[in-house]
Amino acid sequence: MPVLATTGTHHLRLTVTDIDRSRAFYRDVLGFEVVAQSPGRPDDPEVRSDPFLLYGGCVFQADGMLLGLRPVAQASDRFDSERVGLDHLSFAVESKDELYRAAVRLSAAGVEHGEVIDMEQFGISILSFDDPDGIHLELTAPS
């Protein structure tokens, strides 16, 4: 029996530089539904430090997980997967065909992406791309 019996991932919050740009990407390009938005401005120091005001950000429903965006990074900051913390975030999709449809959608939105890659040793196929802050994202489907 594990020391801590978790039942899955509840939510994940990403730090972003521009809430409007990031909200549009996750909503319009990836199709996630906004379920909560901060009533305040992210440049207000009180809002920026208040979890009940979502730090000036927003929260999406991403299937069974909540995905939050916290706009507190400096405009010049960019994601670096080789520093301590997040390497990438992968969202599960139902099929490899969905990866190809996503690649078309990403291309139409002007988002650079990799090719669909089969990782036979894990029984999956993946499609990699970055969000507007360079955060590495991936879609994963069963092979």
Side-chain angles (χ1 to χ4, degrees), residues 1-43 47-143:
M1 170 154 46
V3 173
L4 183 61
T6 63
T7 59
T9 301
H10 181 268
H11 73 273
L12 179 77
R13 182 181 298 126
L14 300 175
T15 300
V16 299
T17 59
D18 181 324
I19 189 61
D20 295 328
R21 180 182 68 177
S22 292
R23 182 189 310 104
F25 176 82
Y26 285 93
R27 181 192 61 216
D28 302 339
V29 177
L30 299 187
F32 295 158
E33 177 187 356
V34 176
V35 294
Q37 293 191 87
S38 176
R41 300 229 0 107
D43 56 355
V47 170
R48 197 178 167 112
S49 63
D50 190 339
F52 296 103
L53 296 176
L54 303 174
Y55 304 106
C58 65
V59 177
F60 295 92
Q61 180 61 245
D63 193 30
M65 178 182 76
L66 295 175
L67 175 66
L69 301 179
R70 183 179 184 196
V72 296
Q74 296 296 318
S76 61
D77 201 6
R78 287 294 172 264
F79 176 75
D80 183 349
S81 66
E82 295 185 2
R83 293 187 53 213
V84 172
L86 181 74
D87 176 77
H88 73 278
L89 172 60
S90 183
F91 298 100
V93 297
E94 291 185 359
S95 69
K96 191 172 176 180
D97 286 341
E98 189 64 32
L99 297 178
Y100 289 112
R101 283 191 288 276
V104 170
R105 183 178 180 134
L106 290 168
S107 291
V111 177
E112 291 185 29
H113 58 83
E115 298 294 321
V116 173
I117 297 171
D118 293 322
M119 300 184 76
E120 294 173 10
Q121 70 272 38
F122 301 113
I124 61 171
S125 297
I126 62 169
L127 174 65
S128 299
F129 56 100
D130 291 348
D131 87 345
D133 285 303
I135 298 171
H136 299 323
L137 301 174
E138 185 177 274
L139 300 177
T140 302
S143 291

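This structure is a prediction, so every number in the text was calculated from the model and none was measured.
Other residues, nucleotides and ligands place no more than 12 heavy atoms under 6.0 Å from the CD atom of E82. Surrounding CG of D87 are more than 12 heavy atoms belonging to other residues, nucleotides or ligands, all under 6.0 Å away.
Considering only heavy atoms from C-beta on, F79 stays 4.5 Å or farther from T15 through its side chain. At a threshold of 4.5 Å between non-hydrogen side-chain atoms, the residues P42 and V72 do not count as touching. Between F129 and E112, every side-chain heavy-atom pair lies at or beyond the 4.5 Å cut-off. Contact check for V116 versus I126: no side-chain heavy atoms found under the 4.5 Å cut-off. Here the side chains of L67 and H11 are not in contact, with every heavy-atom distance at 4.5 Å or above. You'll find the side chain of E98 stays beyond 4.5 Å of the side chain of L139, heavy atoms only. Side chains of T140 and F122 form no contact here, defined as non-hydrogen atoms less than 4.5 Å apart. Annotation: side chain of L99 is in contact with side chain of V93 (closest heavy-atom distance under 4.5 Å).
With respect to the salt-bridge test (charged N to carboxylate O, under 4.0 angstrom), the residues R83 and D80 do not qualify.
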**OP:** Take H88 and S81, measure what side-chain hydrogen bond (donor to acceptor under 3.5 Å, both in side chains) needs, and give me the verdict at the end.
**Re:** CA-CA 7 Å; H88 73 278; S81 66; over 6 Å; no
Original post:
Is there a side-chain hydrogen bond (donor to acceptor under 3.5 Å, both in side chains) between T17 and D77 once you walk through the steps?
Top reply: CA-CA 7 Å; T17 59; D77 201 6; over 6 Å; no
Subject >> I135 and L86: CA distance, side-chain angles, deciding distance, side chain to side chain contact (heavy atoms under 4.5 Å, CB included) verdict >> reply: CA-CA 9 Å; I135 298 171; L86 181 74; 3.9 Å; yes
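R101 and S95 make their closest contact through NH2-OG, 4.2 Å (heavy atoms, listed as atom of the first residue, atom of the second, distance).
Judged by distance alone, with hydrogens and angles left aside, the side-chain atoms of R41 form no donor-acceptor pair with the main-chain N or O of G56 at under 3.5 Å. Formation of a donor-acceptor pair under 3.5 Å by the D118 side chain with backbone atoms of E120 is not found in this model. In this structure, the side chain of S38 engages the main chain of G40 through a donor-acceptor pair within 3.5 Å. Between the side chain of D131 and the backbone N or O of D133, at least one donor-acceptor pair lies under 3.5 Å.
Here OG of S128 is found 6.0 Å from CD1 of I117. Values are rounded to the nearest 0.5 Å. Q37 contributes atom CD, which lies 9.0 Å from atom CG of L54 (distance to the nearest 0.5 angstrom). Atom CD of E115 and atom OG of S125 lie 12.5 Å apart (nearest 0.5 Å). Going from atom SG of C58 over to atom CG of L69 covers 4.5 Å, rounded to the nearest 0.5 Å. With rounding to the nearest 0.5 angstrom, the CZ atom of F91 is 6.5 Å from the CG atom of L30. Considering OH of Y100 and CG of L127, their distance stands at 9.5 Å, rounded to 0.5 Å.
For F25 and F32, the distance between ring centers is not under 6.0 angstrom.
Cation-pi geometry between R70 and Y55 is met: the NZ or CZ atom falls under 6.0 Å from the ring centre, inside 45° of the normal.
Between D130 and the options H136, H113, R78, a side-chain hydrogen bond (donor to acceptor under 3.5 Å, both in side chains) holds for only H136.
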